[in-house]
Amino acid sequence: MPVSVRRRRVHRVLSAGIGGLLAAGMLPSFLDHSASAAPRPSKSAATSAAAHESDGQAPTEDAALEQAKRTGREVEVASLRGESADVVATAEGKLQARQYLRPVRTRVSGQWKDIDTDLAKRSDGTVAPKATAIGLAFSGGGDKPLVTMHKAGRELALSWPGTLPAPVLKDAEATYRDVLPGVDLRMGAQPDGFTQLLIVKSAQAASSSALGQLRLKLAADGLEVKETAAGGLEALDQWRRGAEPLRPAGKARPELRHRPGPRCSRQQQ
């Protein structure tokens, strides 16, 4: 829900992002509006400003407020954009800070790009979403890790106890057929994590001892993994105390190091 904030406090509002992952940047100083003091903008600067305006954006607070007042529409302050937050100027002369529960965009090659969890095969043989807030990849089949996640120099890997078939891809989901007799494994990409689901296709498969004893191997480099109250997993940075949430489709039982790994959620058809 948008919240109106005073302009002098907008940086403090944004800097309180979830888990400390959003960092507020300093705004560039806005030059005097005096025609005699202001240098004539270059052609490239004028072109950039025009492009921002056509997209409903402006580079600074003052520019966004002026554009919003002139057009009667909301204008985003491009310099205050974050993965899970943005600030817009309204036609009434106010700034509104918006905070989203999940990332809605991410940096790709230095440019902001909307989150896109649709999966595609990569040259290294893995399967990955097109744009997410974390580095996420699923196995393309074989004995490589089922899923790897990495961000800020930390990595987490979850491995299947055996060889995986090549997955069938559909939108943000990768389905591994018959990983156990009568059982499919479905992995789903999310903006900042993943889901895992075992699809049990018969009563006979549900009573299988292999399914009842299934454990996945978990490796967490520089992270401490804990079970959340909701039954998911949370990987905590041991040094920076930042959190990388894992969101399994159901409850998981994390067992680290030499102990059995987390169970998958399962669903009987």
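Just so it is clear, the model here is predicted, and its values are computed rather than measured. Heads up: numbering here begins at 1 and tracks the sequence.
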Seminar exercise, completed: Residues A133 and I115: closest non-hydrogen pair is N-CD1, 3.8 Å
Exercise. Are V88 and V75 linked, directly or through other ILVMFWY residues, by side chains that come within less than 4.5 angstrom of each other?
Worked result: no
Problem set entry | Donor-acceptor under 3.5 Å (Q99 side chain, S84 main chain) | yes
For this session: Look only at the side chain of Y176 and the backbone of G141, and say whether a donor-acceptor pair between them is shorter than 3.5 Å.
Result: no
Seminar exercise, completed: With sequence neighbours left out, the residues meeting side-chain hydrogen bond (donor to acceptor under 3.5 Å, both in side chains) with E76 are R81
For this session: Would you list the pairs meeting side chain to side chain donor-acceptor pair (under 3.5 Å) in which at least one residue belongs to residues 107-120, sequence neighbours left out?
Result: none
Problem set entry | Donor-acceptor contact present, side-chain T106 to main-chain T132, <3.5 Å | yes
Problem set entry | Distance-minimising heavy-atom pair for D178 and D184 | N-OD1, 2.7 Å
Seminar exercise, completed: Correct closest heavy-atom pair for A58 and Q67 would be CB-OE1, 4.0 Å
For this session: Decide side chain to side chain donor-acceptor pair (under 3.5 Å) for D124 and T126; before the verdict, give the C-alpha distance in whole Å, the side-chain angles of both, and the deciding distance to 0.1 Å.
Result: CA-CA 6 Å; D124 63 359; T126 62; 2.7 Å; yes
Exercise. Are any of the side-chain nitrogens in K151 or D192 under 4.0 Å away from the carboxylate oxygens of its partner?
Worked result: no
Exercise. Distance-only, no hydrogens or angles: does the R105 side chain make a donor-acceptor pair with backbone N or O of A85 under 3.5 Å?
Worked result: yes
For this session: Taking the side chain as every heavy atom from C-beta outward, state whether T90 and Q96 have any pair of such atoms under 4.5 Å apart.
Result: yes
